[in-house]
Amino acid sequence: MGDEEATWDVSADVNWDDWGDDNGDGSSAGGPCIDLFNNTPYDSPKLAIDTMREAGFDLLDVARTHGCDQYGCIRMINYIRKKVAAEPGWHSTPKAEDYAAEEFYMPVLEDDALLQFDFETALGTAGADSASVVVPEGQEQGVEELRRELQQLKEAFAQYREVAEPALLGLSGAELATDVPDVLTAADVADDSEEEEAEVDDIESYFYSYAHFGIHLEMLQDKVRTEAYRDSMYKNPETFAGKTVLDVGCGTGILSMFAAKVGAAKVIGVDNSSVVHRAMGIVMENGLSDKVTLIRGKVEEVELPVQKVDIIVSEWMGYFLFFESMLDSVLFARDKWLKPGGAVYPDKCSLHVAAIANPEAYERRVTFWKDVYGFNMESMAPQVLKEVDVRVIDPKTVVSPPALLKKVDIMTAKADELEFDSAFELEISEDCTVDALCSFFDVDFEHGCANPIKLPTGPHTTPTHWKQAVFFLEAPVAVSKGDVLEGRMAGSRSAHNPRHWDASVTYSVKGSDSSPVTQKFTLG
């Protein structure tokens, strides 16, 4: 077909019964697909391609004529979608030079199924020597990086499909119409007899949760968190100048871009969530694609385009410091890729505990169950008491200085050393009833920094999205000013999910005749 403008009839009859799951010709990729020119939805990319061909636009023939590989087809599709969006009603066959620019790697439609179609198989170029593909001059390195990223995407999709398919196969059409997160949430399908499957679902849902933009908005709007990371770089530019930096769990790419702006020579961001595709566009929009390379995948499984890095940065912390944290992944990356003499930021962290007296919160959380609209529901209270409550604590309810539970030097720590069982003594500052303990953490950016930065999350500082972890006591303790509440707090990984943590607390008033009380808690 030539370059002249033409109008196509996309209403041509198609036999919808001809489509299988895998025809060996690239048709197995993707689900519902939008036509390139008029937003008509089809059941699959192959159906959309075939219908457009019958209407007069043969996408595969144009791709062959232009010598396109998978990447060329992706650029052409994004070019056409962008053109149609800018000029509704536009119908024309593009020229190869129209979509040669790297900007057309950026998807125009979110989750565009047509971009997931296996064009190399359909074009008969699968496994072809890359030397036979025409690459625009000066773009060889970028194209090679994209080849690696595409392979990683294929592997990630295969892993996702392996996890998702069993959960989806038995669902009706109506059930499939519900939001995917509801279908895949582990809590919806977990059963005591299927603990192993539940563990897999929990781990996958951890990465899935970071595909939602709301969680990234919350983190970016957390000024204490984001500005601490920014200041650790901007106030110590000599630490990053000319260095190769690895960003573990890069999310939207904010830390990667901070590092690039402050003078890093090369930054590699790794994230296993689909938000990394948006981050690629953000990096490009900010003119940093020459320095920042983003890779989707688990840091334990990906291959980096470098042998070693000088610096690792990561915002890995979770509630109670360790809950759903990425610290294990950071330590793995440190041991595999960090050069001798390199640095990890933050490089130190500490976990603390303090006593709380907040009868109003205790009433809402625990005592409430004694009379619920005239019904006794006290049997709910023990379960509620097991769950750690994450909330912002009013500093006026804190009735002791904090005690240190755990310190971690991330430069040297080992994954099997993170669990703890620590004694504490909390000197009470006023006459009250202690009805809860709260835990919070600080992290520090110190190693080799002329200007060290601290990121605090305690109740006496500006609130962060981590808030504080609150442990309500089943036996509140009446105390006087000067009394010491003593005990132990332990934290360990959950047997069902290594990203979840369990905790236990033993407490009593020092010197009293009362027996210590021990409670167990779960996070997640």
Side-chain angles (χ1 to χ4, degrees), residues 102 105 138-149 152 220 225-271 276 279-297 299 302-316 326-327 329-349 409-413 443-455:
E102 286 194 1
Y105 285 116
Q139 296 184 21
E140 294 85 354
Q141 183 176 353
V143 169
E144 187 56 37
E145 289 179 358
L146 285 162
R147 289 186 193 279
R148 287 195 296 269
E149 289 175 12
Q152 289 159 1
L220 291 170
R225 168 244 190 212
T226 307
E227 290 181 0
Y229 275 87
R230 182 199 64 189
D231 292 348
S232 72
M233 301 185 212
Y234 281 25
K235 293 184 178 181
N236 296 284
E238 67 285 348
T239 302
F240 289 82
K243 300 296 176 61
T244 298
V245 178
L246 172 62
D247 179 0
V248 177
C250 63
T252 56
I254 187 69
L255 304 188
S256 295
M257 293 189 290
F258 284 157
K261 279 289 189 182
V262 84
K266 185 174 185 63
V267 185
I268 304 157
V270 178
D271 200 299
V276 76
M280 293 174 184
I282 293 169
V283 167
M284 187 178 297
E285 289 167 5
N286 286 275
L288 295 171
S289 55
D290 59 327
K291 286 188 174 183
V292 179
T293 299
L294 301 182
I295 300 171
R296 183 176 182 184
V299 74
V302 301
E303 291 298 327
L304 300 187
V306 297
Q307 293 296 315
K308 294 289 181 180
V309 301
D310 302 293
I311 294 172
I312 294 173
V313 297
S314 181
E315 194 273 78
W316 56 263
M326 295 189 301
L327 184 52
S329 296
V330 172
L331 300 183
F332 176 92
R334 179 202 66 191
D335 294 343
K336 183 171 183 179
W337 285 303
L338 189 65
K339 292 179 180 177
V344 182
Y345 295 113
D347 54 292
K348 290 182 175 63
C349 60
D409 184 339
I410 304 166
M411 297 286 291
T412 59
V443 299
D444 296 279
F445 305 79
E446 294 182 353
H447 183 82
C449 293
N451 298 292
I453 300 295
K454 180 180 288 292
L455 167 52

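Summarising the geometry of Ala260 relative to Val292, their closest heavy-atom pair is CB-CG2, 3.8 Å, with the distance given to 0.1 Å. Contact between Pro452 and Glu446 at its shortest, heavy atoms only, is CB-CG, 4.2 Å. Contact record, Gly251 with Ala279: O-CB, 3.3 Å, taken as the closest heavy-atom pair. The two residues His447 and Gly342 come nearest to each other via the heavy atoms NE2-O, 4.1 Å. When all heavy atoms are compared, the tightest approach of Glu315 to Leu255 is N-CD1, 4.0 Å. Nearest approach of Ser232 to Phe240, heavy atoms of both residues: O-CE1, 4.0 Å.
Annotation: side chain of Val283 is not in contact with side chain of Ser256 (no heavy-atom distance under 4.5 Å). Val313 has its side chain within reach of Met233: a pair of non-hydrogen atoms, C-beta onward, lies under 4.5 Å apart. Two residues are said to be in side-chain contact when any heavy atoms from C-beta on lie closer than 4.5 Å; Trp316 and Val344 fail this criterion. Taking the side chain as every heavy atom from C-beta outward, Met284 and Ile282 never approach each other to under 4.5 Å. Two residues are said to be in side-chain contact when any heavy atoms from C-beta on lie closer than 4.5 Å; Ile295 and Pro305 meet this criterion. Side-chain contact between Leu455 and Pro346 is absent, with no heavy atoms from C-beta onward closer than 4.5 Å. A heavy-atom distance below 4.5 Å is found between the side chains of Tyr234 and Lys261. The closest side-chain heavy-atom distance from Val309 to Leu338 is below 4.5 Å.
With rounding to the nearest 0.5 Å, the separation of CG in Asp231 from OG1 in Thr226 is 10.5 Å. Atom CE of Met257 sits about 5.0 Å away from atom CG of Asn286, to the nearest 0.5 Å. Between Ile254 atom CD1 and Asp247 atom CG the span is 10.0 Å, to the nearest 0.5 Å. With rounding to the nearest 0.5 angstrom, the CZ atom of Arg225 is 12.5 Å from the CZ atom of Arg230. Summarising the geometry, atom CG belonging to Leu246 is positioned 5.5 Å from atom CG belonging to Leu304; distances are rounded to the nearest 0.5 Å. Here CD of Gln307 is found 10.5 Å from CH2 of Trp337. Values are rounded to the nearest 0.5 Å.
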Side chain to side chain contact (heavy atoms under 4.5 Å, CB included) evaluation trace for Val248 with Val270: CA-CA 5 Å; Val248 177; Val270 178; 6.0 Å; no

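Remark: aromatic rings of Tyr345 and Tyr229 are distant, center separation not under 6.0 Å.
Legend: residues meeting salt bridge (Lys or Arg N to Asp or Glu O under 4.0 Å) with Lys454, ordered by chain and number and at least two apart, are Asp444. Listed by chain and residue number, nothing satisfies the side-chain hydrogen bond (donor to acceptor under 3.5 Å, both in side chains) test with Thr244 (two or more places apart in sequence, or in another chain). Residues satisfying the ring-ring contact (aromatic ring centres under 6.0 Å, His included) test with Phe332, not counting sequence neighbours, are none.
With Asn451 contributing its side chain and Asn236 its backbone, the two residues share no donor-acceptor pair below 3.5 Å. One N or O on the side chain of Lys308 and one on the backbone of Lys336 form a donor-acceptor pair closer than 3.5 Å. A donor-acceptor pair under 3.5 Å is absent between the side-chain atoms of Asp347 and the main chain of Met411, judged by distance alone.
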